[in-house]
Amino acid sequence: MLVALLLLLPLVMANNYWYEVAIQVGLNAIVCVGLNLLIGYAGQISLGHAGFFGLGAYGSAILSTRYGLPPALAMLTTTVAVGLLALLVGRPILRLKGHYLAMATLGMGIIISIVVVTEDKFTGGPDGMSVPPLSLFGQVMSGERLWYWLVAGALVATVALALNLIESPMGRALRALNGSEVGARVSGIDATRAKVGVFVLSAVLASIAGSLMAHYSGFITPGKASFFHSIELVAMVVFGGMSSTFGAVIGAAALTLLPQLLTVLKEYEMVVFGGVMVLTMIFFPRGFLPSLMLLIARRRK
């Protein structure tokens, strides 16, 4: 279904503006699918994932601009570095639970955001920095249509990875952790390994999306690593439906498209946006897709 939608979508996109919006949806969806594995399936809240997104963006930008690495190699190096960082900080952070875990991940994200702003020698500070174009197999990635297919392919690969992981023994371990960590440990599941593993995977996916965003836009600013962006990502996961991979994609699409559609309301844009969020959570308390599927199942009965 997702593949068919992505193949047919260019038929209805009239200009480059909608290609650009579709690319933004795809990049946000990649992050949200990974974040949903962490929050929705493993039950581990993270309020600092924009930090990993920002590290991916700035890592690729710095390595390719300041040190002359080819952009593809800079992306790969950054992804490995972010994965190692997530592994390093994941063990102590994921020992915490509930609001303590939320505060710890929030603090981690704020630290990354502050470093990005203050280390202006490398990052350009609040003014941001330019990023060279991405080259793959000798082909310079330029133009919205070419980037659309690259991001669409990355999104399909991410969704396929998530769906396979969910059905694997690792996925069953994550669902057990979400239900009861004590029960999961008693049944022989290595809870620490499972939590750290999914934390690293979600951080790596965020880093890849950040790197792609940097090379696509050609310019980055610290806003992509901000606390507000982290909240946006969590809201997308919750809106679409936790413990639903396709729900995460729908949430990313809805909350990326909605502000674009509401711009005609001008100063009332954020009021209506907030109202839509509130009404969705009232009438679809499990998130949009799971609640919709439950409603359809009830009507069939």
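Here the structure is a predicted model, which means the values were calculated and not measured.
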Novice: Would you say the side-chain atoms of Ser230 pair up with the backbone N or O of Ala50, donor to acceptor, closer than 3.5 Å?
Specialist: yes
Novice: With side-chain contact (heavy atoms from CB on, under 4.5 Å) as the criterion, how do Arg172 and Ile189 come out once you've worked through the C-alpha distance, each side chain's angles and the decisive distance to 0.1 Å?
Specialist: CA-CA 10 Å; Arg172 291 191 289 273; Ile189 294 173; over 6 Å; no
Novice: OH of Tyr100: more than 12 outside heavy atoms within 6.0 angstrom?
Specialist: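 Check fails, neighbour count at 12 or below.
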Novice: Is the number of heavy atoms from other residues, nucleotides or ligands under 6.0 Å of Arg286 CZ greater than 12?
Specialist: no
Novice: A side-chain contact here means heavy atoms from C-beta on lying under 4.5 Å apart; do Phe283 and Leu295 qualify?
Specialist: no
Novice: With ILVMFWY side chains joined below 4.5 Å, transitively, what does Val186's cluster contain besides itself?
Specialist: Val182
Novice: Quick one: closest heavy-atom pair of Leu94 and Leu101, and the distance?
Specialist: CD2-CD1, 4.0 Å
Novice: Is it the case that atom CE in Met242 sees more than 12 heavy atoms from other parts of the structure closer than 6.0 Å?
Specialist: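 Not buried by this count: 12 neighbours or fewer within 6.0 Å.
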Novice: Does Val237 reach the side chain of Leu233, with side-chain heavy atoms less than 4.5 Å apart?
Specialist: no
Novice: Check whether any side-chain heavy atom of Phe52 sits under 4.5 Å from a side-chain heavy atom of Leu205, and report yes or no.
Specialist: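 No, side chains not in contact.
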Novice: Can Leu294 and Arg299 be said to form a side-chain contact (heavy atoms from CB on, under 4.5 Å), step by step?
Specialist: CA-CA 9 Å; Leu294 181 62; Arg299 288 189 175 275; over 6 Å; no
Novice: Distance check, rounded to the nearest 0.5 Å: Leu177 atom CG versus Arg185 atom CZ?
Specialist: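 Answer for the CG-CZ pair, Leu177 versus Arg185, is 7.5 Å.
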Novice: Is any side-chain heavy atom of Pro10 closer than 4.5 Å to one of Trp149?
Specialist: yes
Novice: Ignoring hydrogens and geometry, is there a side-chain-to-backbone donor-acceptor pair from Ser202 to Phe199 under 3.5 Å?
Specialist: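 Yes.
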Novice: Report the C-alpha separation of Leu38 and Lys195 in whole Å, then their side-chain angles, then the decisive distance to 0.1 Å, and conclude whether the side-chain contact (heavy atoms from CB on, under 4.5 Å) test is met.
Specialist: CA-CA 8 Å; Leu38 180 65; Lys195 289 193 293 185; over 6 Å; no
Novice: From Ile23 CD1 over to Trp147 CH2, what is the distance, rounded to the nearest 0.5 angstrom?
Specialist: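 One finds 8.0 Å between CD1 of Ile23 and CH2 of Trp147.
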Novice: Spell out, as yes or no, whether a donor-acceptor pair under 3.5 Å connects the side chain of Gln24 to the backbone of Ala22.
Specialist: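 Between the backbone of Ala22 and the side chain of Gln24 there is no qualifying donor-acceptor contact (under 3.5 Å).
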Novice: Quick check for you: to the nearest 0.5 Å, what is the distance between Leu165 atom CG and Leu163 atom CG?
Specialist: 9.5 Å
Novice: Would you check if Thr221 and Pro126 make a side-chain contact, meaning some heavy-atom pair closer than 4.5 Å?
Specialist: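 No, side chains not in contact.
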Novice: So Glu181 and Lys97, do their side chains get closer than 4.5 Å, heavy atoms only?
Specialist: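 Counting from C-beta outward, Lys97 and Glu181 do come under 4.5 Å.
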Novice: Might you point out which heavy atoms bring Tyr58 and Gly125 nearest each other, and give the distance in Å?
Specialist: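 Smallest heavy-atom distance, with atoms named: OH-O, 4.5 Å.
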Novice: Name the orientation class of the two ring planes belonging to Tyr19 and Tyr148 (parallel below 30°, tilted from 30 to 60°, perpendicular beyond 60°).
Specialist: perpendicular
Novice: Looking only at non-hydrogen atoms, find the nearest pair between Ala57 and Ala214 and report the distance.
Specialist: O-CB, 3.7 Å
Novice: Looking at Arg193, I'd like to know if its CZ atom is crowded, meaning that more than 12 non-hydrogen atoms belonging to other residues, nucleotides or ligands lie closer than 6.0 Å.
Specialist: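 It does not: Arg193 CZ has 12 such atoms or fewer within range.
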Novice: Taking C-beta and beyond as the side chain, do Met293 and Ser244 meet within less than 4.5 Å on heavy atoms?
Specialist: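 A side-chain contact under 4.5 Å is absent here.
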Novice: In Å and rounded to the nearest 0.5 Å, what is the CG to OG distance from Leu134 to Ser211?
Specialist: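 Answer for the CG-OG pair, Leu134 versus Ser211, is 9.5 Å.
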Novice: Give, for atom OG of Ser217 and atom CD of Glu20, the distance between the pair rounded to the nearest 0.5 Å.
Specialist: 9.0 Å
Novice: Rounded to the nearest 0.5 Å, how far does SG of Cys32 lie from CD1 of Ile39?
Specialist: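 With rounding to 0.5 Å, CD1 (Ile39) is 9.0 Å from SG (Cys32).
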Novice: For the residue pair Ser46 and Leu35, what are the closest heavy atoms and their distance?
Specialist: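 Nearest pair, atom of Ser46 first, then Leu35: CB-CD1, 4.2 Å.
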Novice: Can you confirm whether Met13 is buried at CE, in the sense that more than 12 heavy atoms of other residues, nucleotides or ligands lie under 6.0 Å from that atom?
Specialist: yes
Novice: If only atom types and distance count, is the side chain of His215 paired as donor or acceptor with the main-chain N or O of Pro133 below 3.5 Å?
Specialist: no
Novice: Using the rule given for side-chain contact (heavy atoms from CB on, under 4.5 Å), can you reason through Val156 versus Leu6, listing the C-alpha separation, both sets of side-chain angles and the distance that settles it, and then say yes or no?
Specialist: CA-CA 9 Å; Val156 170; Leu6 292 172; 3.5 Å; yes
